[in-house]
Amino acid sequence: MEIDPAAESHRLAELLRRDVHKRLRRRGAVVGVSGGVDSAVVLALCVRALGSERVLGLLMPERESGTDGERLAHLVAEQLNVETVVEDITPALEGFRCYARRDEAVSRAFPDFERGRDRVKIALPGNVLEHDTLNVFTLSVIDHAGREHRVRLGPGDLNQIVAASNFKQRTRMSLLYYHAELRGYAVIGTPNKDEHDQGFFVKWGDGGYDIGPIRHLYKTQVYQLAEYLGIPEEIRAAIPTSDTYSADASQEEFFFRMPFEVMDAIWHAMEEGIPARQSAQALDLEPSQVERAYAEISRKIATTDHLRTGPISYGTKRSES
């Protein structure tokens, strides 16, 4: 799992420079900067590849965004001397009825929900290493008094909440391409291997970009690059969040169900074909825990394959002479 961050940073910067200029014939890069470690690393790689004067950091908060994200995004952009543009996407989301469509489903599942006062999030069951449970989402409502209420979601309500919330990522993708086309730049994506391969992204949302420079790296490897590239400690120490729902939800709570340092090691072992019992011994876990983790990762990869599939087209078959 250990990489040579200096060599990898140099390699990725060289590839970015080549592909932006020669393959895509673009002048520079636009990066959506969230304040998280992934976008900070991608921004730093783009600066190394293209120079800060040819990189734009785009911040796209909305009314439910975490308060720290924008501050941390500005922090890393200032450190890298990158120009930033802030686009508040709240009006666009209101136009799509993003919040209203989501809250309609929340109100069906939780009739006491008070729109505009209560905060919501969805989450999977706890750590898969500790609980042998299925991936069934629950809705959490935190009322104005701070009390948390949980209810199990039916497929219809879950689908509506997710579909409505996905307007956020798809709106951001549209703005990234607006600013890229305005300047003759390329859109550089920020998903890592954990997010891309397990399906923790929105198709044609944060999964829409021209180049994905860290898509092959586990999250723990991204942190190795972040330390080498001098990403501020405050960003590296922050808990990764989904930043999609009005209530705070970590990525582990919302989707992955395991700490990154454990999940990445288990996943790497699985990809290397190492039996669960041998992996368990190396990681000081029970074989049953590793077997559950293997099954969890495999299931997510299989069930989200459609997200990684491009448009399917049907050509005209030539008649045989």
Side-chain angles (χ1 to χ4, degrees), residues 16 19-20 23-24 26-43 45-46 50 54-66 69-70 73 76-77 82-99 101-102 159-215 222 240-245 251 254-255 304-312:
L16 275 167
D19 289 339
V20 168
R23 190 169 180 181
L24 299 175
R26 302 287 87 188
R27 299 175 53 249
V30 176
V31 181
V33 189
S34 66
V37 68
D38 297 315
S39 64
V41 164
V42 170
L43 193 70
L45 289 172
C46 287
L50 307 167
R54 292 185 180 271
V55 179
L56 176 72
L58 188 59
L59 285 66
M60 296 167 284
E62 44 95 15
R63 73 185 192 198
E64 294 180 342
S65 296
E70 189 172 345
V76 70
V82 168
E83 177 191 358
T84 57
V85 171
V86 179
E87 292 269 15
D88 186 341
I89 65 171
T90 301
L93 296 178
E94 290 173 336
F96 282 126
R97 298 187 61 244
C98 164
Y99 308 112
R101 295 175 200 268
R102 180 202 63 197
N159 288 346
Q160 184 168 339
I161 290 170
V162 171
S165 299
N166 286 350
F167 276 121
K168 297 184 179 185
Q169 286 82 0
R170 292 190 173 114
T171 299
R172 292 184 174 114
M173 186 271 291
S174 297
L175 279 167
L176 283 166
Y177 273 96
Y178 167 78
H179 283 279
E181 291 171 1
L182 182 67
R183 295 165 173 80
Y185 284 8
V187 173
I188 312 301
T190 62
N192 56 56
K193 177 181 174 71
D194 294 12
E195 295 168 341
H196 178 265
D197 288 12
Q198 292 193 48
F200 185 58
F201 67 92
V202 176
K203 192 169 188 175
W204 313 129
D206 51 339
Y209 43 80
D210 297 312
I211 302 174
I214 63 170
R215 209 169 73 179
V222 174
T241 66
S242 63
D243 200 24
T244 298
Y245 297 93
Q251 291 184 1
F254 174 64
F255 185 81
T304 61
D305 184 61
H306 67 285
L307 297 178
R308 294 176 292 277
T309 301
I312 298 171

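This chain uses plain numbering: 1 for the first residue, then up along the sequence.
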Could you tell me whether a side-chain N or O of [X] sits under 3.5 Å from a main-chain N or O of [Y], the two making a donor and an acceptor?
X: Arg101; Y: Gln160; value: no
X: Lys168; Y: Ile89; value: no
X: Arg308; Y: His196; value: yes
X: Glu62; Y: Glu64; value: yes

Kindly give the heavy-atom pair with the smallest separation between [X] and [Y], and that separation in Å.
X: Val187; Y: Ala180; value: CG2-CB, 3.7 Å
X: Gly208; Y: Tyr177; value: O-CE1, 4.0 Å
X: Val31; Y: Cys46; value: CG2-SG, 3.9 Å
X: Asp194; Y: Asn192; value: N-OD1, 3.0 Å
X: Val20; Y: Gly28; value: CG1-O, 3.6 Å
X: Cys98; Y: Ala164; value: SG-O, 3.3 Å

As a quick check of understanding, evaluate side chain to side chain donor-acceptor pair (under 3.5 Å) for Asp210 and Tyr185, giving each step before the final call. CA-CA 10 Å; Asp210 297 312; Tyr185 284 8; over 6 Å; no

Heavy-atom side-chain contact between [X] and [Y] under 4.5 Å:
X: Leu45; Y: Ile188; result: no
X: Tyr209; Y: Leu176; result: no
X: Gln169; Y: Thr244; result: yes

Out of curiosity, [X] [atom1] to [Y] [atom2], how far, rounded to the nearest 0.5 Å?
X: Asp206; Y: Arg170; atom1: CG; atom2: CZ; answer: 9.5 Å
X: Thr84; Y: Glu70; atom1: OG1; atom2: CD; answer: 9.0 Å
X: Ile211; Y: Leu16; atom1: CD1; atom2: CG; answer: 5.5 Å
X: Leu56; Y: Arg183; atom1: CG; atom2: CZ; answer: 4.5 Å
X: Glu195; Y: Leu307; atom1: CD; atom2: CG; answer: 12.5 Å
X: Met60; Y: Leu175; atom1: CE; atom2: CG; answer: 6.5 Å

Partner residues of Arg23 under the side chain to side chain contact (heavy atoms under 4.5 Å, CB included) criterion, sequence neighbours left out: Asp19

State which residues pass side chain to side chain contact (heavy atoms under 4.5 Å, CB included) with Ser39; sequence neighbours excluded, sorted by chain then number.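 So Ser39 forms a side chain to side chain contact (heavy atoms under 4.5 Å, CB included) with Val33, Ser34, Thr190.
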
Side chains of Thr241 and Asp243, donor plus acceptor under 3.5 Å: no

Only residue of Val42, Val82, Val30 satisfying side chain to side chain contact (heavy atoms under 4.5 Å, CB included) with Val55 is Val82

Taking it one step at a time, do Arg172 and Leu58 satisfy side-chain contact (heavy atoms from CB on, under 4.5 Å)? CA-CA 9 Å; Arg172 292 184 174 114; Leu58 188 59; over 6 Å; no

I would like to know whether Tyr245 and Ile161 meet side-chain contact (heavy atoms from CB on, under 4.5 Å); could you show each step before the answer? CA-CA 10 Å; Tyr245 297 93; Ile161 290 170; 3.9 Å; yes

For Glu94, give me all partners under salt bridge (Lys or Arg N to Asp or Glu O under 4.0 Å), at least two apart in sequence or on another chain.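 Here the qualifying residues are Arg63.
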
